[in-house]
Amino acid sequence: MRFLEYEGSITIGGVELRSLPGDQVRRLMTGMTQDAHVFQESIRANLRFAKPDASRNDLWEAARQAGLLDWIESLPSGWDTEVGAGGAAMSGGQRQRLLLARALLADPPILLLDEPTEGLDSVTADHLIRDILFATGNRTTVLITHDLAVQSAADEIHSMDDTSDLFATSHSFSD
């Protein structure tokens, strides 16, 4: 997502990412990282960070796709529930799903998801991955994971044996 400089070449549609402003890259490619910030705001405000003009239906659909809707609707204050600094009022799995819903709401052509099922039991994780892949069927979705069950749901699997390979490899994603 161009938060760090890199060696090699990464292109989208033949355009080198390094040649684009960071905010333009993040409109093309965004996602959920493990260190993404959860604001000391309501659930609604945290989701609208990705899309300030999101309609009620947009928020509902993103929460549904991320497996968060039933939990939100069970809360006494629902969408207006404050999640605490860093998501302190949420479980780890709820926090992950809030971040996932935010990434889905951004609706980028390329979606990067770093350990999207962390903190979830295997049954919930399996359902969530299937829902994500169905919801993102019209775009490239990159799942970064150590979870073999998540990997098995992917169309292609690329393995890195040594993290130094990250900077020695060039990948080009295209339609």
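No hydrogens, no waters, no symmetry mates; every other heavy atom, side chains included, goes into these values.
Under the side chain to side chain donor-acceptor pair (under 3.5 Å) criterion, Ser42 pairs with no residue at all, not counting sequence neighbours. Under the salt bridge (charged side-chain N to carboxylate O under 4.0 Å, His left out) criterion, Asp131 pairs with no residue, sequence neighbours left out. Asp53 pairs by the side chain to side chain donor-acceptor pair (under 3.5 Å) definition with nothing, not counting sequence neighbours. With sequence neighbours left out, the side chain to side chain contact (heavy atoms under 4.5 Å, CB included) criterion links Ala54 to Arg48, Lys51, Asp58, Leu59, Leu105. Residues passing the ring-ring contact (aromatic ring centres under 6.0 Å, His included) test with His37 are Phe39, sequence neighbours excluded.
For the pair Leu17/Thr11, no side-chain contact is recorded, criterion being any heavy-atom separation below 4.5 Å from C-beta on. By the 4.5 Å heavy-atom criterion applied to side chains, Ile72 and Thr81 are not counted as neighbours. In this structure, the side chains of Val38 and Leu98 come closer than 4.5 Å at one or more pairs of heavy atoms. Side-chain contact between Val83 and Gln40: absent, with no pair of heavy atoms (C-beta onward) separated by less than 4.5 Å. When side chains are defined from C-beta on, Ile132 does not count as touching Gln65, because their heavy atoms never get closer than 4.5 Å. Taking the side chain as every heavy atom from C-beta outward, Leu20 and Leu28 approach each other to under 4.5 Å. Put simply, the side chain of Ile144 does not reach to within 4.5 Å of the side chain of Leu113, judged on heavy atoms. A heavy-atom distance below 4.5 Å is not found between the side chains of Leu104 and Glu61.
Identified under the side chain to side chain donor-acceptor pair (under 3.5 Å) test for residues 17-30, with sequence neighbours left out: none. A side chain to side chain donor-acceptor pair (under 3.5 Å) check over residues 87-100, counting only residues at least two apart or in different chains, returns the pairs Ser91-Gln94. Among residue pairs with one or both ends in residues 67-79, those qualifying as side chain to side chain donor-acceptor pair (under 3.5 Å) are Trp60-Glu73; sequence neighbours excluded. Applying the salt bridge (Lys or Arg N to Asp or Glu O under 4.0 Å) definition to pairs two or more places apart or across chains, those involving residues 104-127 are Asp107-Arg139, Asp126-Arg130. Among pairs with a residue in residues 118-150, none fulfils ring-ring contact (aromatic ring centres under 6.0 Å, His included), at least two apart in sequence or across chains.
Put simply, CG on Leu143 and CD1 on Ile129 are 5.0 Å apart, with the number rounded to the nearest 0.5 Å. Atom CD1 in Ile110 sits 4.5 Å away from atom CE in Met29 (nearest 0.5 Å). Interatomic distance, Thr140 OG1 to Leu111 CG, rounded to the nearest 0.5 Å: 10.0 Å.
Across Gly67 and Leu128, no two heavy atoms sit closer than the pair N-CD1, 4.1 Å. Shown here for Ala103 and Pro108, the closest heavy-atom pair between the two residues is O-CD, 3.7 Å.
Cluster membership check: Ile12 shares its hydrophobic cluster with Leu112, using side-chain heavy-atom separations under 4.5 Å among Ile, Leu, Val, Met, Phe, Trp and Tyr.
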